[in-house]
Protein chains: 2
Amino acid sequence: MASLAPRRSKGPRAGLELSDADALAQVSFVVLGTLGRRASEHGLSIIQTRLLGVLRDRTPSMNELARVLELDKSSVTGLVDRAEDRGLVARIPSPADRRSVQVALTHRGRSLAAQATDSFEADVGELLDGLSPAQRRTLAGLLGRVVLDYARGRGLDISEPRGPSAGRASS
Amino acid sequence: MASLAPRRSKGPRAGLELSDADALAQVSFVVLGTLGRRASEHGLSIIQTRLLGVLRDRTPSMNELARVLELDKSSVTGLVDRAEDRGLVARIPSPADRRSVQVALTHRGRSLAAQATDSFEADVGELLDGLSPAQRRTLAGLLGRVVLDYARGRGLDISEPRGPSAGRASS
DNA sequence: TATTGTTATACTCTATAACTATA
DNA sequence: TATAGTTATAGAGTATAACAATA
């Protein structure tokens, strides 16, 4: 019975009876709405911000980017085009394969991403203002688990560092 | 230091050290991505699904819809246009104010929304597969609290039923 | 005058299909 | 042939500004 929208509770107890799906969907709308507003203050969209975030510690090919962002490769072409036009990322020819390019952050892109994420962090702090530090830790732990499980299910094991072209273990 | 993207952990312990902002952002991407895929199986977008969800127990004006969805009124015009073209919603002239319309679900819209949310519920169940029932309850409780706080902060107190035209402060 | 909603316009984002260049 | 990436095209979604009708 997910409403996918805030609903008034009908019983005597006030409004905390959300299903898992409702709670997750509603929080996701709020979180990405907040992220979007902050991003737009810096002239970025959500997906552009996400692109910059992904590039923070990677230099993926267009194909890899498409897989990580779950977009068609042609969508990534446009996304990277617009970011490149604005000087936020750069296409670097792959040394190994002349068909391929690697996408990297420019200094300007890195700086802009840092600004946007900093203000987003502050927003999240405000969003979680009603939770105790212990509750925040609990929440972050549970959500982290969910993310990790999802990534594993998609074959993207983020707990084991892998280079963009190499498959190497951390230790 | 939000990366807004899955990151490899650098320490010896494997990848669960996410900041609040990272955890929330990443889960939101996953949740809305899942919702989007399900919705598209039913020919809906995320925002169309959300529109139908909002209309599940309300018949708001265009203005109210814009406020709830946090969109410009002109965006809502297009959104409702496309939904109306597909027979999912209907514009009903407001009896009280001849400038205003009320937007309502059609039977087809209600049925489609139910289908989409049902499969989304199943997806969320799968997403939370790694959590115990107790952990799920904890998660839903914490998230519900966050949503409620946010709605209160915006003056949309969802725990207190209000008519569409009433405007009352909660604090 | 103020408010409700639509229209005109421009841009981002997205996917599908066809294409080029390289492997 | 297969793969990496781009281009062409079409459509959804969004905001700003100007507008019409009503209050």
Side-chain angles (χ1 to χ4, degrees), chain A residues 29 32-33 35-52 54 59-86 88-104 116 164-165, chain B residues 29 32-33 35-52 54 59-86 88-104 164-165 167:
Chain A
F29 288 139
L32 292 194
L35 176 56
R37 269 187 301 278
R38 278 305 188 187
S40 79
E41 290 176 7
H42 298 276
L44 294 172
S45 66
I46 286 182
I47 186 65
Q48 290 282 347
T49 306
R50 198 178 170 196
L51 169 65
L52 301 187
V54 166
T59 306
S61 69
M62 298 295 281
N63 245 335
E64 288 162 347
L65 219 35
R67 194 158 33 80
V68 172
L69 297 176
E70 302 183 76
L71 292 173
D72 188 86
K73 56 185 180 168
S74 67
S75 302
V76 176
T77 294
L79 199 60
V80 170
D81 279 350
R82 289 184 293 272
E84 198 172 27
D85 288 346
R86 297 178 53 191
L88 304 179
V89 309
R91 281 179 169 92
I92 300 169
S94 166
D97 186 336
R98 273 167 42 204
R99 293 171 302 181
S100 185
V101 298
Q102 289 183 299
V103 183
S165 56
Chain B
F29 288 138
L32 293 194
L35 176 55
R37 270 186 301 277
R38 278 306 188 185
S40 78
E41 289 176 8
H42 298 277
L44 294 172
S45 66
I46 287 182
I47 186 63
Q48 290 282 347
T49 306
R50 199 177 170 199
L51 169 65
L52 302 187
V54 166
T59 306
S61 69
M62 297 295 282
N63 245 335
E64 288 160 350
L65 219 35
R67 192 158 35 79
V68 171
L69 298 176
E70 302 184 73
L71 292 173
D72 188 85
K73 56 186 178 166
S74 67
S75 303
V76 176
T77 294
L79 199 60
V80 170
D81 279 350
R82 290 183 291 272
E84 198 173 27
D85 287 346
R86 297 177 52 191
L88 305 179
V89 308
R91 281 178 169 92
I92 301 168
S94 166
D97 185 337
R98 271 166 44 203
R99 293 171 303 182
S100 185
V101 297
Q102 290 184 299
V103 183
S165 58

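Chain identifiers are assigned alphabetically (A, B, ...) following the order of the sequence lines, protein sequences preceding nucleic acid strands; residue numbering begins at 1 within each chain. Nothing here was measured: the structure is a model prediction, and the numbers come from that model.
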>> Between P on C/dA21 and CE on A/Met62, what's the gap in Å once rounded to a whole number?
In response: 18 Å
> Considering the options A/Pro93, A/Pro95, A/Ser94, which one meets the side-chain contact (heavy atoms from CB on, under 4.5 Å) requirement together with A/Asp97?
Replying inline: A/Ser94
>> I need the single residue from A/Ile47, A/Val103, A/Leu65 that forms a side-chain contact (heavy atoms from CB on, under 4.5 Å) with A/Leu79. Which is it?
In response: A/Ile47
> Do the side chain of B/Ser74 and the base of D/dT16 come within less than 3.5 angstrom through a donor-acceptor pair of N or O atoms?
Replying inline: yes
> Nearest to the side chain of A/Leu71, which nucleotide is it out of D/dT7, C/dT14, C/dT4?
Replying inline: C/dT14
> Could you give the CG-to-P distance, from B/Leu65 to D/dT14, as a whole number of Å?
Replying inline: 12 Å
> Side-chain N or O of B/Ser100 less than 4.0 angstrom from OP1 or OP2 on C/dG5?
Replying inline: yes
> Can you find a side chain N or O atom of B/Ser75 that sits less than 4.0 Å from OP1 or OP2 on D/dT14?
Replying inline: no
> Between A/Asn63 and D/dT3, is there a side-chain N or O to OP1/OP2 distance below 4.0 Å?
Replying inline: no
> So does A/Arg82 get a side-chain nitrogen or oxygen closer than 4.0 Å to the phosphate oxygens (OP1/OP2) of C/dT12?
Replying inline: no
> Hey, which of these two, B/Ser45 or B/Asp72, hits DNA chain D nearer its 5' end, going by closest nucleotide?
Replying inline: B/Ser45
> Can you find a side chain N or O atom of A/Arg91 that sits less than 4.0 Å from OP1 or OP2 on D/dT6?
Replying inline: yes
> Could you state the CZ-C1' distance from B/Arg67 to D/dA15, rounded to the nearest angstrom?
Replying inline: 19 Å
> Taking the side chain of A/Gln48 as heavy atoms from C-beta outward, which of D/dA4, D/dT14, C/dC13 is closest to it?
Replying inline: C/dC13
> When we call it a touch if two heavy atoms are under 4.0 Å apart, what does B/Ser94 touch: a base, just sugar-phosphate, or nothing?
Replying inline: nothing
>> At 4.0 Å (heavy atoms only), tell me whether B/Val76 reaches a base, stays on the sugar-phosphate, or touches nothing.
In response: nothing
>> From C-beta outward on B/Thr77, which listed nucleotide comes closest to its side chain: D/dT6, C/dG5, C/dT14?
In response: C/dG5
>> If I take atom CD1 in residue A/Ile92 and atom P in nucleotide D/dA4, what distance separates them, rounded to the nearest angstrom?
In response: 19 Å
>> Using the side-chain heavy atoms of B/Arg99, tell me which of these nucleotides is nearest: C/dA2, D/dT6, D/dA15.
In response: C/dA2
>> With rounding to the nearest 0.5 angstrom, report the CG to CE distance, A/Leu71 to A/Met62.
In response: 10.5 Å
> Tell me: CG of A/Leu79 to C1' of C/dC11, nearest whole Å?
Replying inline: 14 Å
> In whole angstroms, how far is the C1' atom of C/dC11 from the CD1 atom of A/Ile47?
Replying inline: 16 Å
>> Quick check on DNA chain C: between B/Val101 and A/Arg98, whose nearest nucleotide comes earlier from the 5' end?
In response: B/Val101
>> If I take atom NE2 in residue A/His42 and atom P in nucleotide C/dT12, what distance separates them, rounded to the nearest angstrom?
In response: 19 Å
>> Does either side chain, that of A/Ser74 or that of A/Asp72, offer a donor lying less than 3.5 Å from an acceptor on the other one?
In response: yes
> Nearest-Å distance, CG (A/Asp97) to P (C/dT22)?
Replying inline: 10 Å
>> What I want to find out is whether A/Arg86 reaches A/Asp81 closely enough, with some N-O distance under 4.0 Å, to be called a salt bridge.
In response: no
> Atom CG in A/Leu88, atom CZ in A/Arg82: separation rounded to 0.5 Å?
Replying inline: 12.0 Å
